[in-house]
Amino acid sequence: MNGETIVRTYSDMVYGVAMRYVKNPTDADDVYADVFYRYFRRERTFESEEHRKAWLLRVTINSAKDFLIKRKFDVSKDDDLFDESLMSVTFSGTDISQEEILDVRNALKKLKEERREVIELYYFNGLNTKQIADMLQKPENTIKSELLRGRKELKEYLSK
């Protein structure tokens with residue numbers, strides 16, 4: 001794959017993950033630029049497209065967390081979580097109402113960071129539990145447990 005195809009293919013994913021962490025478009029643009037800078041800084045070989053996608057997701061998450069630490073933000077403070085651009089990235093192409101989007105984002109906001117991260121990687125980025133476990137360097141059963149607990153908590157929050 002050439003560079004332009006890589007960026008076109010993974011652009012929305014990288015930007016969406018960055019937005020979920022840093023919560024605003026300007027900061028997400030910085031993370032996005034950092035991720036692709038790291039990618040193109042040196043030639044890389046990947047075993048498969050799945051491996052490339054996992055690498056980009058891991059670097060995006062790490063870059064976003066580094067960004068937040070450098071800016072002395074707390075990841076759990078989601079004051080700007082409902083920014084229009086964040087919602088459009090996260091739920092683009094769906095028939096979900098703005099109210100339902102807010103309900104889901106509010107419920108996600110209440111989850112512990114580890115559970116929220118697993119839920120978002122699984123549902124928003126389409127990774128399976130094995131891929132998430134490899135990426136987060138945790139046992140797959142731990143990821144499955146976090147996913148199960150996260151779903152249960154989300155269901156409770158959304159039914160209220």
Side-chain angles (χ1 to χ4, degrees), residues 9-25 27-32 34-35 46-160:
T9 302
Y10 295 106
S11 180
D12 289 345
M13 177 192 75
V14 169
Y15 187 77
V17 170
M19 279 294 291
R20 282 193 283 282
Y21 278 87
V22 298
K23 314 291 189 257
N24 74 64
D27 296 340
D29 287 341
D30 290 343
V31 171
Y32 174 92
D34 181 54
V35 169
F46 296 97
E47 298 166 9
S48 64
E49 280 308 303
E50 188 175 289
H51 182 218
R52 183 189 321 268
K53 179 180 179 180
W55 185 90
L56 285 166
L57 280 168
R58 183 75 257 156
V59 171
T60 303
I61 290 166
N62 288 341
S63 181
K65 286 180 176 180
D66 289 347
F67 180 88
L68 291 171
I69 289 167
K70 287 177 187 168
R71 297 289 190 260
K72 298 186 180 188
F73 285 130
D74 180 2
V75 176
S76 66
K77 292 181 182 172
D78 293 333
D79 299 334
D80 299 323
L81 186 62
F82 308 112
D83 182 276
E84 285 297 316
S85 57
L86 173 61
M87 289 190 284
S88 67
V89 168
T90 304
F91 295 100
S92 62
T94 64
D95 292 332
I96 298 174
S97 72
Q98 289 292 96
E99 184 177 325
E100 290 170 319
I101 290 170
L102 288 175
D103 290 343
V104 170
R105 296 306 299 177
N106 275 328
L108 280 169
K109 181 176 147 181
K110 293 176 184 177
L111 297 178
K112 291 186 343 188
E113 180 186 350
E114 296 82 16
R115 278 195 193 134
R116 183 174 58 238
E117 185 173 46
V118 170
I119 293 277
E120 289 179 351
L121 288 170
Y122 187 83
Y123 287 105
F124 299 147
N125 296 109
L127 298 180
N128 62 40
T129 54
K130 171 96 173 81
Q131 293 167 319
I132 297 169
D134 291 344
M135 181 182 302
L136 299 179
Q137 299 175 336
K138 293 182 179 179
E140 186 176 4
N141 285 336
T142 301
I143 300 302
K144 288 178 180 179
S145 295
E146 290 296 322
L147 193 56
L148 184 65
R149 289 182 184 118
R151 286 178 185 141
K152 184 178 178 183
E153 287 178 27
L154 280 174
K155 185 176 180 180
E156 289 173 11
Y157 292 138
L158 291 170
S159 66
K160 291 180 183 176

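Along the sequence shown, residues are numbered consecutively beginning with 1.
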Using the side-chain hydrogen bond (donor to acceptor under 3.5 Å, both in side chains) criterion, which residues pair with [X]? Sequence neighbours excluded.
X: Ser63; answer: Asp34
X: Lys130; answer: Asp134
X: Glu50; answer: Gln131

Please set out all donor-acceptor pairs under 3.5 angstrom arising from side-chain atoms of residues 147-154, sequence neighbours excluded.
residue: Arg151; atom: NE; partner: Tyr123; partner atom: OH; Å: 2.7
residue: Arg151; atom: NH2; partner: Tyr123; partner atom: OH; Å: 3.3
residue: Glu153; atom: OE2; partner: Arg115; partner atom: NH1; Å: 2.3

Quiz item: By salt bridge (Lys or Arg N to Asp or Glu O under 4.0 Å), which residues pair with Asp103, not counting sequence neighbours?
Solution: none
Quiz prompt | Counterpart residues, salt bridge (Lys or Arg N to Asp or Glu O under 4.0 Å), relative to Glu49 (two or more places apart) | solution = Arg52
Exercise. Would you give the length of the straight line joining atom NZ of Lys110 to atom CZ of Arg116, rounded to the nearest 0.5 angstrom?
Key: 13.0 Å
Quiz item: Atom NZ of Lys53 and atom OG1 of Thr60: how far apart are they, to the nearest 0.5 Å?
Solution: 11.5 Å
Quiz item: Given Ile132, which of Ile119, Leu121, Thr142 fulfils the side-chain contact (heavy atoms from CB on, under 4.5 Å) condition?
Solution: Leu121
Specify the closest pair of heavy atoms between [X] and [Y], including all atoms of both residues, with the distance to one decimal.
X: Met19; Y: Ala28; answer: SD-CB, 3.5 Å
X: Ile143; Y: Thr129; answer: CG2-O, 4.0 Å
X: Val31; Y: Phe67; answer: CG2-CB, 4.1 Å

Self-check item: Identified side-chain hydrogen bond (donor to acceptor under 3.5 Å, both in side chains) counterpart of Tyr21 within the set Glu120, Glu117, Lys65
Solution: Glu117
Quiz prompt | side-chain contact (heavy atoms from CB on, under 4.5 Å) between Lys138 and Glu114, worked out | solution = CA-CA 11 Å; Lys138 293 182 179 179; Glu114 296 82 16; 3.9 Å; yes
